[in-house]
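Contents: one structure, followed by commentary.
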Amino acid sequence: MYQYIVKRMLLMIPTLLGAALLVFFLLRLLPGDVCEVRLAGTGMYVDDEMINQCRDELGINDPLSKQFIDFVGGYFTGDLGNSMWTGQPILHEIGIRFQLSLQLAIMATVVAIAIAIPLGIISAVKQNTWIDYAVRTFSIAGIAIPSFWLGIMIILGILVVSQNLFGEGWMPPINYVSPLEDPLGNLAQLIWPAVATGYRYSAVATRMTRSALLEVLHEDYVRTARAKGLVEKVVINRHALKNALLPVVTIIAIEFAFLIGGLVVTEQVFNLNGIGKLFVDSVGNQDFVLTQQLVMLVVLVFVMTNLVVDVFYAWLDPRIRYS
Amino acid sequence: MKPNSSKTALAAALGLTIGVAASLPAVAQMPQKGGVLEFVVAGESPSKDGHRETTYATIHPYAPMYSLLIRVNPENPQSSDFVCDLCVGGVPEPTENGTKYTFKLRSGVKFHDGQPLTSADVKATYDKIIFPPEGVKSARKTFFKMVDSVSAPDAETIVFKLKFPSGAFMPALATPYNWIYSKKDMETHGYAWHSNNVNGSGPFMFVEHQPGAFVEAKRNPNYHHEGQPYLDGFKAIVAKKMSVRIQSIRGNRAAIEFRGFPPKARDDLVAALGDKLTVQESDWNCVLLATPNQKRKPFDDPRVRRALSLAVDRWEGSQYLSKIAIVKAVGGVVFPGHPLAASPSELESLAGYGRDIEANRAEARRLLKEAGAENLVIDYNNRDVDQPYKVVGTWLIDQWKQIGVTAKQTVRPTPQFYATLRNSKEFDVSIDFNCQSVVNPIADVTKFLGSAGNNYGSYEDPELEAIYDKLLRAESVDEQKKLMREYEKRALDEMSHLIVSLWWYKINPHRSYVKGWKIAPSHYLNQQLDNVWLDKSLM
């Protein structure tokens with residue numbers, strides 16, 4: 001196992017290098033740059049001299065090879081560069097948002113698991129009954145409804161209901177507070193996007209849990225367990241569910257990795273200052289340096305998550321050994 | 001703070017302020033002290049330096065931390081009155097044939113870190129803005145082409161010497177980005193220091209900036225306007241999505257947004273909040289344009305450009321578009337209502353402004369036929385921003401369709417939109433705009449000059465440049481008005497360099513407990529917030 005992990009970690013190097021090459025050159029294919037957005041974007045008079053001066057300062061006029069070496073070299077020196085838009089260090093820009101995105105990803109995952117596993121099990125055990133149909137309808141709706149729309153509906157719903165009940169509309173806070181400073185305020189802000197995102201996320205996992213469990217429930221060893229006279233609860237929980245969870249874990253892990261940087265629209269709808277919103281802003285501002293570091297962060301999260309999932313597989317299924 | 005009386009006549013003409021939902025009290029209320037104003041801002045400033053930035057997202061959170069030499073009258077921002085902020089008495093009249101302005105400064109003013117503010121700081125600030133050293137960015141140095149020198153003969157006097165008399169000087173001086181920096185800060189820390197640091201002398205002191213989230217400030221107890229500010233502080237919350245900004249006012253997470261909402265948002269908020277909401281509205285010193293690319297055929301032919309302008313029914317468009325978009329007034333090159341603006345009859349003599357739209361369009365079709373440009377297909381560049389670009393841009397497509405012109409619209413995100421406009425120039429006609437702060441027509445109309453850095457029509461028009469040169473030097477209002485009509489006729493009618501669609505309309509719904517803030521004809525103006533207070537009885 002140890003060797004396997006080392007090998008996988010070494011394989012991450014070409015993966016990350018490939019991603020770095022791709023994002024670096026693709027970004028530079030886009031027309032326009034941060035100086036034009038910043039100086040000409042308000043329609044004010046701006047001369048080419050000023051724009052060129054800005055490009056010189058930010059290194060946009062440097063040869064591409066130098067820019068790429070600066071980008072990759074930063075990983076060895078620990079200097080990831082500064083945002084072209086704000087001039088602040090990239091690590092600072094990402095750091096202040098990462099806490100929120102991580103917390104939201106964890107909360108959404110908890111919501112998703114809390115919905116998906118029980119519903120998936122019930123749906124499989126009660127296959128083709130009205131309960132199964134209800135669960136499937138619920139999960140299909142979760143896939144069909146975009147989480148940003150659900151988010152908007154949640155905000156409007158809370159506003160309208162609270163206004164009707166108390167005379168003054170209430171909406172979730174639009175400023176992030178750390179759970180360590182104000183746990184209730186933090187919960188009041190993040191529970192709603194966690195529900196909006198977790199519901200969609202749970203829909204996929206519910207369907208995966210159901211189909212995987214249905215497959216396992218027809219296996220010989222489950223029949224054997226039943227024949228031994230084990231109660232159904234033990235058969236499901238100990239024998240069937242653990243084996244059915246392999247694909248579910250994969251789905252949950254990949255979704256979790258996606259949530260770190262992929263809550264682009266949900267973060268906008270709830271005005272959350274997270275990685276997804278930063279992504280949109282950096283692309284909109286043509287902030288190449290920040291965008292490429294964000295892409296690399298997401299790539300790293302995906303690669304690491306996949307590694308963790310593979311290791312987790314071995315724990316779930318002792319037959320799997322990576323040698 | 002004595003208003004510049006020569007300009008008070010503009011007040012009534014400029015814009016309109018309406019209280020919709022709440023009945024504004026007939027008598028002035030006594031301001032109450034205390035409270036923190038929370039407001040939403042649709043963008044985030046790239047830096048904290050007003051001298052280099054051009055966005056309102058810099059003004060809204062940081063302008064309250066700085067002072068200006070002179071400013072637009074906060075009690076009547078609809079007017080073109082300028083009043084002293086750091087200077088004392090009224091704004092001075094020029095001497096030496098209009099080429100010298102001498103300002104006396106207040107004594108005892110201090111920066112937030114305790115340094116005294118003297119004329120040396122004002123001189124250092126304006127030297128940086130007008131004559132920036134090599135490598136230092138100044139977004140507004142071109143506003144001050146008429147300035148020859150700035151001097152500080154003593155600690156409380158600042159003198160501007162002009163190369164020639166110009167009506168554009170005082171409005172340029174009152175530009176809300178001209179924040180007075182400490183000379184010592186610039187000398188000690190360098191010119192870039194203000195990008196990330198704040199040390200002003202304004203009504204509020206910087207507390208915290210959480211990137212992407214908010215800027216927080218607290219009351220300056222040593223502010224030089226006695227008794228002000230009334231607020232204990234403010235929090236400027238970044239909220240880029242319009243639905244969040246609207247709902248945050250509805251849900252009382254923010255009291256106001258200073259840029260402006262579309263009519264539908266106003267109506268929804270009024271319906272939801274009733275008298276808890278006050279709406280202020282005003283004409284806006286921004287105009288939406290369509291710019292033909294004269295490097296491409298057949299747009300090098302004035303007849304074709306004129307036809308495109310003739311096709312646009314501005315009078316009817318104003319009526320309907322003002323219900324769904326942030327546009328309203330029909331106008332020419334000058335902000336409607338300003339004394340230098342065209343009267344309705346003068347406007348109607350320009351191509352595309354006549355009331356008989358069928359006659360206009362028949363003429364347009366004739367011109368296209370004459371120019372051999374029938375069934376013209378336009379490669380049309382638009383910006384991926386709803387208000388008002390996409391809404392009005394789409395309306396223009398329909399207007400041109402009426403004369404047989406087909407516009408193939410490409411909507412691009414802001415960076416690609418500007419890359420197309422400035423670099424590749426791969427467009428026949430592009431949406432464009434002219435948005436300014438202080439209403440300063442003589443400076444604002446430079447947009448129509450082929451030589452202007454923000455003109456994307458790729459043309460040269462020496463005749464228009466010559467008229468502008470005379471306009472810049474004209475001293476009397478009558479002479480300015482006459483030259484402005486010539487300029488307008490040349491730019492919009494004879495040559496139809498740019499096609500003016502409609503002027504923007506600013507709508508600011510806010511919680512009724514926000515008092516003292518008065519809407520200006522620009523989202524850049526009147527943002528120091530020193531006269532803003534919260535009515536606790538309405539909270």
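Chain naming here is simple, since letters A, B, ... match the order of the sequence lines and numbering starts at 1 in each.
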Top contributor to chain B contacts, counting heavy-atom pairs under 4.5 Å, from A/Q163, A/M84, A/K277: A/Q163

Proximal component of B/R250, with respect to chain A [non-hydrogen, under 4.5 Å]: both

Among the listed options A/V37, A/I174, A/I51, the residue most often paired with chain B at heavy-atom distances under 4.5 Å: A/I174

A/E255 and A/T109 side chains, donor-acceptor separation under 3.5 Å: no

A/R97 and A/D281 ion-paired at < 4.0 Å: no

Portion of A/P172 that has a non-hydrogen atom of chain B nearer than 4.5 angstrom: backbone

Contact check, side chains of B/K276 and B/R511, non-hydrogen atoms, under 4.5 Å: yes

Which portion of B/E53 sits near chain A, non-hydrogen atoms under 4.5 angstrom: side chain

Under 4.5 Å from any heavy atom of chain A - which part of B/D384: neither

Max heavy-atom pair count under 4.5 Å with chain B, selected residue of A/R38, A/Q286, A/Q53: A/R38

Choice from B/S248, B/C286, B/A254 maximising heavy atom contacts with chain A below 4.5 Å: B/S248

B/P413, part contacting chain A, at a heavy-atom distance under 4.5 Å: neither

Largest heavy-atom contact set with chain A, pairs under 4.5 Å, which of B/Q247, B/R383, B/Q210, B/K241: B/Q247

Ring center gap for B/Y468 and B/F448 short of 6.0 angstrom: no

Largest heavy-atom contact set with chain B, pairs under 4.5 Å, which of A/V269, A/N271, A/I96, A/V160: A/N271

Leading residue by heavy atom contact count with chain A [cutoff under 4.5 Å; candidates B/A419, B/G251, B/P46]: B/P46

Validation row: B/V136, B/P133 side chains within 4.5 angstrom (heavy atoms): yes

Non-hydrogen side-chain atoms of B/N455 and B/L498 separated by less than 4.5 Å: yes

Side chain proximity check, B/Y177 to B/I59, heavy atoms < 4.5 angstrom: yes

Which portion of B/K48 sits near chain A, non-hydrogen atoms under 4.5 angstrom: neither

Cation-pi, B/Y56 ring and B/R259 (6.0 angstrom, 45 degrees): yes

Ion pair check, B/E38 and B/R253, cut-off under 4.0 Å: no

Proximity breakdown for A/L156 and chain B, heavy-atom pairs closer than 4.5 Å: side chain

Within-4.5 Å side-chain heavy-atom neighbours: A/R28 and A/L64: yes

B/R412 portion near chain A, given a 4.5 angstrom heavy-atom threshold: neither

